[in-house]
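Not measured: the values here are computed from a predicted model. Remember, it's 1-based here, ligands and their atoms both numbered in the order they're listed. For reference, positions follow the sequence shown, starting with 1.
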Amino acid sequence: MSRRKPRRVGIHFDACYERHDTGPWHPESPARYRALSAALEDLPDTFVKVPGRKATPEDILLAHAPWYLDIVRQDVENFADQLRTGDTVICPESYDVALEASGAVLQAVDFVMRGELAAVFCAVRPPGHHATAERGMGFCIFNHVAIAARHLLLRHHLGRVAIVDWDVHHGNGTEEIFREDPQVLYISLHEAGIYPFTGIAEERGRGAGEGTTLHLPLPKNSGGPEALRVWDEQVTPTLDAFQPEFLLISAGFDARENDPVGDLRWTDETFAEMTRRCVSTAQKWCRGRIVSVLEGGYSPEGLASAAVSHVKALTEIP
Ligand SMILES: [Zn+2]
């Protein structure tokens, strides 16, 4: 009797991301990244290490306005300590590191589209999902997932891409970029009433994009079983109705119990269960194709543990 082979999964991590220096007290720190990298390094070598590449300005302009790209470049060149558009600490390396992060996600997408890997987890920083087309904020400079979705639509000529965002915060940048876009389904589970104070359930997209936004705010202190119930009742049926050709995950781990920033109580098993549901949906509609991108997660140990649980579940055949 033969057992089915596990899905071939890639992981991307690189010490270059530690060069985005946010100072000694910032929660989005190189230290959290080092804890995560060490845990990924310990995974068996059945996980394929995926190399990165640096995004070009043309890549960034898939989701961002040219004047915003200029703002980032100028602020970094002028040694500003914050982006002028919002609460995002920068250092002289931040522009280059953010380009590396976006480029790595595009590289992962290309590996998956070529069929070399079923899924890739990209451990990159700074995170991206709060960055709008014209404004970095919430520790985010470039919106890697949004750039990847446009890359899939415009360069790989797909017709429908779904983004599932389970970071504890609403991905206001991603939602705004695709608000009127019927080709991108954006689904966010997040804690209600916290930063960036957007993402109410009544917003379902606008214009041609009416119905391709799904906001699922969850009450403070709620746990994994509640989130999984919402997933089964709303996330899976919405994905099934949309029939995506590629699944992107904005994988924040700040909804995990004991995270210093979020107040949800998900466990490593919650992330594994959500991942299994994503794989199941991807196998059904997307030829199994998933690229998952790190967003938040601010307990170094919790982040490492939850992310390992996530990448292991990416290998499982449902
Ligand atoms: Zn977050």
Cation-aromatic face contact R19/Y17, 6.0 Å, 45 degrees: no
Metal proximity, E295 vs the Zn ion (ligand 1), N/O/S cut-off 2.8 Å: no
Salt-bridge contact D14-R125 (side-chain N to carboxylate O under 4.0 Å): no
Salt-bridge contact R256-D259 (side-chain N to carboxylate O under 4.0 Å): no
Considering only N, O or S atoms of D254, the one closest to the Zn ion (ligand 1): OD2
Ring geometry between F253 and H310 (parallel below 30°, tilted from 30 to 60°, perpendicular above 60°): tilted
The Zn ion (ligand 1): angle it makes with OD2 (D167) and ND1 (H169), nearest 10 degrees: 150°
